[in-house]
Amino acid sequence: MENNKYLFGASGHAKVVLDVLFSNNIKVVTILDDNPNVIELSKIPVLQSKLFKIEKNQEFIISIGNNSIRKKIVDSNNFSYYSAIHSDATVSKFATIDEGTVVMPQVVINADAKIGKHCIINSRSVVEHDCVLEDYVHVSPNASLAGNVTIGEGTQIGIGSSVIQGITIGKWATIGAGAVIINDVPDYAVVVGNPGKIIKIKTK
Ligand SMILES: CC(C)(COP(=O)(O)OP(=O)(O)OC[C@H]1O[C@@H](n2cnc3c(N)ncnc32)[C@H](O)[C@@H]1OP(=O)(O)O)[C@@H](O)C(=O)NCCC(=O)NCCS
């Protein structure tokens, strides 16, 4: 029997995840959210998360755009997860995509790319061959990763940015909108501009 599909998080990002699921004719039973005042999203009922009972054959995607909140929710629950790829994305049969990850429309993911758990590969982004993305990475719309790029846990690659081949970006870093990354980036760094320069190191 097919598992019942759920989302956790009734945010704007959840609307986009729902469209990914609709493109595959996947029906979401219920969306959970901490906020008791939200009762519906895109015509799907929203249930306050603390009222939810975990049972067998339920699977989740955490539909929250913020990488650290997504991780917090995964760490504090014992859910099973599914992943979803929009029907209009192009994903190599040699790429791997782990549980909880969503791939938005018109994304291209090329051969031998490895994408971790609970990542967001957002609309029209490109993940080239042999890239390795750890868990909770978000590649924002129109960002491009050239071949053999490695990205650490929880890092956000900003909208419209580009990363040249072979670069290593650390964990929980932020690449600014439109940045061009030509040097490795350390953990927790915030990098903007062309060529990308570090403007701060975030506290953990
Ligand atoms: C990089 C970023 C995280 C910085 O945010 P912040 O920490 O709040 O930084 P601030 O807005 O205080 O800006 C600090 C400085 O960096 C500059 N800066 C910020 N973002 C920049 C960018 N993308 N490109 C160039 N310069 C940028 C600011 O102009 C400011 O410069 P100043 O000190 O000379 O005035 C943010 O601007 C950004 O680009 N986020 C990406 C958003 C995104 O991709 N969203 C997609 C969602 S799907």
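Just so you know, ligand 1 is whichever comes first in the structure, and atom 1 is the first atom listed for that ligand.
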Which N/O atoms of ligand 1 sit under 3.5 Å from a protein N/O, and at what distances?
unit_1: ligand 1; atom_1: 7 (O); unit_2: Lys200; atom_2: NZ; d: 2.7
unit_1: ligand 1; atom_1: 23 (N); unit_2: Ala177; atom_2: N; d: 3.2
unit_1: ligand 1; atom_1: 23 (N); unit_2: Ala177; atom_2: O; d: 2.9
unit_1: ligand 1; atom_1: 39 (O); unit_2: Ala177; atom_2: N; d: 2.9
unit_1: ligand 1; atom_1: 44 (O); unit_2: Ile159; atom_2: N; d: 2.7

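The side-chain hydrogen bond (donor to acceptor under 3.5 Å, both in side chains) contacts involving residues 45-56 comprise Asp34-Ser49, where partners must be two or more places apart or lie in separate chains.
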N/O donor-acceptor pairs under 3.5 Å from side chains in residues 148-167, not counting sequence neighbours:
unit_1: Glu153; atom_1: OE2; unit_2: Trp172; atom_2: NE1; d: 3.1
unit_1: Thr155; atom_1: OG1; unit_2: Gly170; atom_2: O; d: 2.7
unit_1: Thr155; atom_1: OG1; unit_2: Trp172; atom_2: N; d: 3.1
unit_1: Thr155; atom_1: OG1; unit_2: Ala173; atom_2: N; d: 2.8
unit_1: Gln156; atom_1: NE2; unit_2: Ser140; atom_2: OG; d: 3.0
unit_1: Ser161; atom_1: OG; unit_2: Gly158; atom_2: O; d: 2.7

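Note on Leu18: it clusters hydrophobically with Ile120, by side-chain heavy-atom contacts below 4.5 Å among ILVMFWY residues.
Asn4 and Gln58 share no donor-acceptor pair across their side chains, judged by distance under 3.5 Å alone.
Side-chain rings of Phe79 and Tyr6 stay apart, their centers remaining 6.0 Å or farther from each other.
Here Phe8 pairs with nothing under the ring pair (Phe, Tyr, Trp, His ring centres under 6.0 Å) rule; sequence neighbours left out.
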